Undergrad: 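Before anything else, here's the structure in question.
For the numbers below, each heavy atom of this structure counts, side chains included, while hydrogens, waters and symmetry mates do not. Atoms within a ligand are numbered from 1 in the order they appear, just like the ligands themselves. Treat the numbers as computed from the prediction; the structure is a model and nothing was measured.
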Amino acid sequence: MAVRYELIKTCKQSGARLGKLHTPHGTIDTPVFMPVGTQATVKSMSPEEVKELGAQIILSNTYHLFLRPGHELVQQAGGLHSFMNWDRAILTDSGGFQVFSLSENRKITEEGVQFRSHLNGDKLFISPEKAMEIQNALGSDIMMAFDECPPYPAEYEYIKASTERTSRWAERCLKSHNRPEDQALFGIVQGGMHEELRRQSAADLTSLDFPGYAIGGLSVGEPKDIMFRVLDFTVPFLPQHKPRYLMGVGSPDALLEGAIRGIDMFDCVLPTRIARNGTVMTSQGRLVIRNAKYMNDFTPLDPNCDCYTCKNYTRAYIRHLHKADEIFGVRLTTYHNLYFLVQLMKRVRQAIMEDRLLDFRDEFFDQYGLHDN
Ligand SMILES: CNc1nc2c(CCNCC3CCCCC3)c3nc(N)[nH]c(=O)c3cc2[nH]1
Ligand SMILES: [Zn+2]
């Protein structure tokens, strides 16, 4: 079995649960935040640093690696693990979402998606079978079915047709999956913000008996309370004994609210992306390090953080580096932001163990948001 989910404990105070995800590249404690490594690297971090800050699994992407350097080259390198020297788990997204968020003039048909490369304008095509071939070449431990993430907002009829096509695509992915013992294929539930469509999508996918399920189609610009409501009625449609992955979700409050609703896996580009412009997540909320008020501030980014950045450098120094466009400044804020989210999930797991995740959420929010930047 490529990936096996072990349900350890359910929280008595919330819908959260503790689990272990056993993969060929190690076991992952859930709920887990997964750092994103879009182009076969977690931007500016070495694999040793990503391990040191506590990451057990990272994400990479079919779309980006298909375009550059090409999945055949990665396959010749022996797959993504050896290509990027990462010996822990890797999850690859199937590329559908990135086609829509990155490329120009896309055309969707039953067969698949036609699009132009955002790099050189080449006319390209990805089908469910192609997405499986690419992820197979990359050798990720967890592959995602090829899906369409409908835009938000969208007409009910469009979302219904798109969701039904995504279910047909999921079946095609399963049929063309030729290494189920090495790579686990997760289905992606769609259905927009509509309970009936979510129920239908979950029924279609659970009848195909995937080893894990993602909830897609969220974190696409909808208000957060709508996202949480969709989770409230979608999670119960999924099997208790399989992992649930909420795609593209990653702000601290969304991680907490998602875990409380029974989500086990999260990914988001936020911590690495905002680090590049010097925005830092701290226990008191976000701070923007370029702000003049940190010029003579010789305290750490976060007084409650024990990461490499916070133990060795000050806000004044990191502000200087970002103002001077020094790469080391980005490395220090990236390391801290990733450490912050990985540690947050460690504290969430501890709170679940103690049946007090709702209390922990309240304590966290009391602290978070105190920063006026
Ligand atoms: C940010 N919000 C959001 N992201 C979604 C994503 C992408 C999740 N992150 C993947 C990483 C992105 C950077 C490169 C490495 C992979 C979604 N992906 C799929 N397949 N389907 C969604 O409905 C889907 C829905 C999503 N919503
Ligand atoms: Zn820190």
Side-chain angles (χ1 to χ4, degrees), residues 33-43 53-54 57-67 80 90-102 113 126 128 131 135 138 140 142-152 159 162-163 166 169-170 173 186-192 198 201 213-222 224 227 230 245-251 254 265-273 275 280-283 287 289 299-315 318 332-344:
F33 170 75
M34 306 182 284
V36 164
T38 305
Q39 303 191 100
T41 165
V42 178
K43 291 189 182 345
L53 59 82
I57 176 171
I58 61 169
L59 255 75
S60 198
N61 190 268
T62 295
Y63 174 82
H64 295 87
L65 296 172
F66 172 49
L67 265 58
L80 207 40
I90 299 176
L91 181 153
T92 45
D93 195 1
S94 49
F97 182 82
Q98 285 74 36
V99 167
F100 285 90
S101 52
L102 288 173
V113 186
I126 297 189
Q135 294 181 88
L138 301 177
S140 45
I142 300 175
M143 306 155 91
M144 301 310 295
F146 188 69
D147 65 328
E148 182 195 3
C149 173
Y152 178 83
I159 297 176
S162 164
T163 299
T166 285
W169 282 358
C173 287
F186 280 18
I188 304 178
V189 175
Q190 292 294 347
R198 286 280 172 185
S201 177
Y213 296 92
I215 297 177
L218 292 176
S219 185
V220 286
E222 77 282 8
K224 275 188 179 167
M227 177 168 83
V230 173
Y245 163 24
L246 178 54
M247 304 190 88
V249 168
S251 57
M265 301 161 72
F266 302 88
D267 89 274
C268 186
V269 295
L270 200 68
T272 38
R273 180 170 295 170
V280 175
M281 295 171 167
T282 80
S283 43
L287 68 80
I289 200 62
T299 66
L301 288 178
D302 185 341
N304 304 319
C305 183
D306 61 350
C307 85
Y308 167 73
T309 299
C310 294
K311 281 193 299 199
N312 296 291
Y313 305 94
T314 64
R315 290 170 177 179
I318 296 168
L332 289 173
T333 46
T334 298
Y335 187 101
H336 167 81
N337 279 354
L338 289 173
Y339 183 89
F340 179 81
L341 286 185
V342 168
Q343 290 307 311
L344 176 62

Undergrad: Who's touching ligand 1 if we go heavy atoms under 4.0 Å?
TA: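 Within the 4.0 Å shell of ligand 1, which is judged on heavy atoms, sit Val36, Thr38, Leu59, Ser60, Asn61, Asp93, Ser94, Phe97, Gln98, Asp147, Cys149, Ile188, Gln190, Gly216, Gly217, Leu218, Ser219, Met247, Gly248, Asp267, Val269.
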Undergrad: By the definition side chain to side chain contact (heavy atoms under 4.5 Å, CB included), identify the one residue from Asn304, Leu332, Leu301 that meets it with Cys310.
TA: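 By the side chain to side chain contact (heavy atoms under 4.5 Å, CB included) criterion, Cys310 pairs with just one of Asn304, Leu332, Leu301: Leu301.
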Undergrad: Show, in sequence, the C-alpha distance, side-chain angles and deciding distance for Val280 and Arg315, and conclude whether the side chain to side chain contact (heavy atoms under 4.5 Å, CB included) test is met.
TA: CA-CA 10 Å; Val280 175; Arg315 290 170 177 179; over 6 Å; no
Undergrad: Parallel, tilted or perpendicular for Tyr335 and Tyr339, by the 30°/60° rule?
TA: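 Parallel: the ring planes of Tyr335 and Tyr339 meet at under 30°.
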Undergrad: My understanding is that only one of Leu59, Leu53, Ile58, Val36 makes a side chain to side chain contact (heavy atoms under 4.5 Å, CB included) with Val42; could you say which?
TA: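 Testing Val42 for a side chain to side chain contact (heavy atoms under 4.5 Å, CB included) against Leu59, Leu53, Ile58, Val36 leaves exactly one candidate, Ile58.
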Undergrad: What protein N/O/S atoms are there under 2.8 Å from the Zn ion (ligand 2), waters excluded?
TA: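 The answer, once waters are left aside, is Cys305 SG, Cys307 SG, Cys310 SG, His336 ND1.
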Undergrad: Find out whether Met144 and Thr62 are in side-chain contact, i.e. whether some heavy atom of one side chain is under 4.5 Å from a heavy atom of the other.
TA: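 They are not in contact (no side-chain heavy atoms under 4.5 Å apart), so the answer is no.
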Undergrad: Restricting to ring-ring contact (aromatic ring centres under 6.0 Å, His included), what partner residues turn up for Phe66, sequence neighbours left out?
TA: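 Result, ring-ring contact (aromatic ring centres under 6.0 Å, His included) vs Phe66: His71.
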Undergrad: Checking Thr92 against Gln135: is there a side-chain donor and acceptor pair closer than 3.5 Å?
TA: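 The criterion, which ignores hydrogens and geometry beyond distance, is satisfied for Thr92 and Gln135.
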Undergrad: Going through the checks in order, is the side chain to side chain donor-acceptor pair (under 3.5 Å) test met by Tyr63 and Asp93?
TA: CA-CA 8 Å; Tyr63 174 82; Asp93 195 1; over 6 Å; no
Undergrad: Taking only residues two or more places apart in sequence or in another chain, which ones pass side-chain contact (heavy atoms from CB on, under 4.5 Å) with Ser101?
TA: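 Partners of Ser101 under the side-chain contact (heavy atoms from CB on, under 4.5 Å) test: Phe97, Gln98.
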